[in-house]
Amino acid sequence: MRYFGILILVISCNAFNVALAKPALFASLQTRLVADTDTVAKAAADTNVIVRKNSLSAGINYGSDALFFGRTGPKKYPFLAADLVVNYKSGFFIYGSALKVLGYEVPLVDEIDVGGGYFYRLSKNFTGTLSYTRFIFNNKSAIIKSASSNDINFKNSYDWGFAKTSLVADYLFGKSYDVFTTISNSKYWESSWSIFDDQDYLSINPSFNFILGTQNFVQRYSIDHKYQLEADNIYVRNENATGARANAKFTMLNYSFKIPVSYNRPHYTLEFSYKYSIPVNVEGALLNRRESFYNLTFYYVFY
């Protein structure tokens with residue numbers, strides 16, 4: 001009940017991190033709130049927030065570690081991902097992505113995501129999306145996200161002017177069942193001056209985020225990797241143990257601060273971002289600690 005007031009407030013007024021000033025920016029790239037292992041696919045799908053026309057977006061993303069709803073695996077898993085998104089002016093979009101964890105010969109591809117959804121605008125400042133994603137993992141994939149199979153994602157947004165507040169609600173089901181609420185407050189700036197010519201500019205969109213939810217996926221991950229990762233103290237021998245029951249509680253999972261800096265041109269964006277993550281209420285044997293994350297992303301939009 002202590003989170004009920006927060007949820008009601010944010011559901012009624014929240015903001016998706018999208019800059020409306022210049023169409024080329026697609027600041028929604030910063031709103032990869034479902035999971036940081038998600039790449040530009042779902043973010044670029046929010047292009048509809050800025051321009052209602054048919055478009056194709058393609059991107060590539062490097063991340064220093066795979067983060068999933070405030071949790072990481074027992075080892076660092078830097079990754080490289082490629083994405084493709086098709087936006088329709090009606091508001092519908094479809095997307096796909098492929099992810100490879102670096103530093104391991106197998107598997108060739110760790111994860112493939114496919115999905116689609118719909119963007120809607122309730123007013124000038126109030127927008128949202130509803131989408132579904134299917135996660136397909138190689139059997140040898142060791143990233144913590146591999147404990148999940150499906151995600152229903154609901155986003156609403158409200159732009160206050162002086163800041164943006166955002167809510168993302170997720171229901172994950174398949175191997176494990178979890179619900180999450182991710183809340184973010186951000187402030188977007190862009191340069192009034194150009195770098196090389198009058199077609200480019202810099203932007204920054206710092207945000208403070210926190211995640212509430214269950215963490216049954218941690219227990220599922222422990223069981224799936226009991227032979228491979230037992231030496232790392234991941235395996236929980238009794239699936240119905242106290243740790244499993246604690247994982248089912250809806251509680252605060254993570255606080256984080258993120259600073260993305262982007263170089264923008266009419267059709268493409270190059271972004272570097274730094275994120276500092278503070279996990280809390282860590283259950284199971286995943287001894288997550290405070291960690292810094294680095295991402296480098298490039299994506300191109302075709303109209």
Distance-only polar pair, side chains of [X] and [Y], donor-acceptor under 3.5 Å:
| X | Y | answer |
| --- | --- | --- |
| N209 | S184 | yes |
| D113 | T133 | no |
| Y120 | N156 | yes |

Work out which heavy atom in R71 is nearest to a heavy atom in V280; give both atom names and the distance.
NH2-O, 2.8 Å

Kindly give the heavy-atom pair with the smallest separation between A248 and T214, and that separation in Å.
O-CG2, 3.3 Å

What pairs with [X] under side-chain contact (heavy atoms from CB on, under 4.5 Å), at least two apart in sequence or on another chain?
| X | value |
| --- | --- |
| F302 | L56, Y300 |
| E291 | D65, T72, K76, F293 |
| I195 | W193, D200, L202, Y263 |
| S292 | Y274, Y276, Y294 |

In chain order, what residues pass the salt bridge (Lys or Arg N to Asp or Glu O under 4.0 Å) check against D198, with sequence neighbours excluded?
none

Among all residues two or more places apart in sequence or in another chain, which pass the salt bridge (Lys or Arg N to Asp or Glu O under 4.0 Å) test with K100?
none

Please list, chain by chain and in numerical order, all residues satisfying side chain to side chain donor-acceptor pair (under 3.5 Å) with S277, sequence neighbours excluded.
N254

Partners meeting side chain to side chain donor-acceptor pair (under 3.5 Å) with N138 (sequence neighbours left out)
none

Could you grab the distance from atom CZ of F298 to atom CD of E271, nearest 0.5 Å is fine?
12.5 Å

Taking only residues two or more places apart in sequence or in another chain, which ones pass ring-ring contact (aromatic ring centres under 6.0 Å, His included) with [X]?
| X | result |
| --- | --- |
| Y62 | none |
| Y255 | none |
| F208 | none |
| Y171 | F173 |

Let's go through F217 and F68 carefully: what are the C-alpha distance in whole Å and the side-chain angles of both, what is the deciding distance for ring pair (Phe, Tyr, Trp, His ring centres under 6.0 Å) to 0.1 Å, and is it a yes or a no?
CA-CA 10 Å; F217 66 95; F68 187 62; 5.2 Å; yes

Between D151 and K145, does at least one N-O distance fall below 4.0 Å, as a salt bridge requires?
no

One pair to check against side-chain hydrogen bond (donor to acceptor under 3.5 Å, both in side chains): Y177 and N150. What are the steps and the verdict?
CA-CA 9 Å; Y177 296 82; N150 306 273; over 6 Å; no

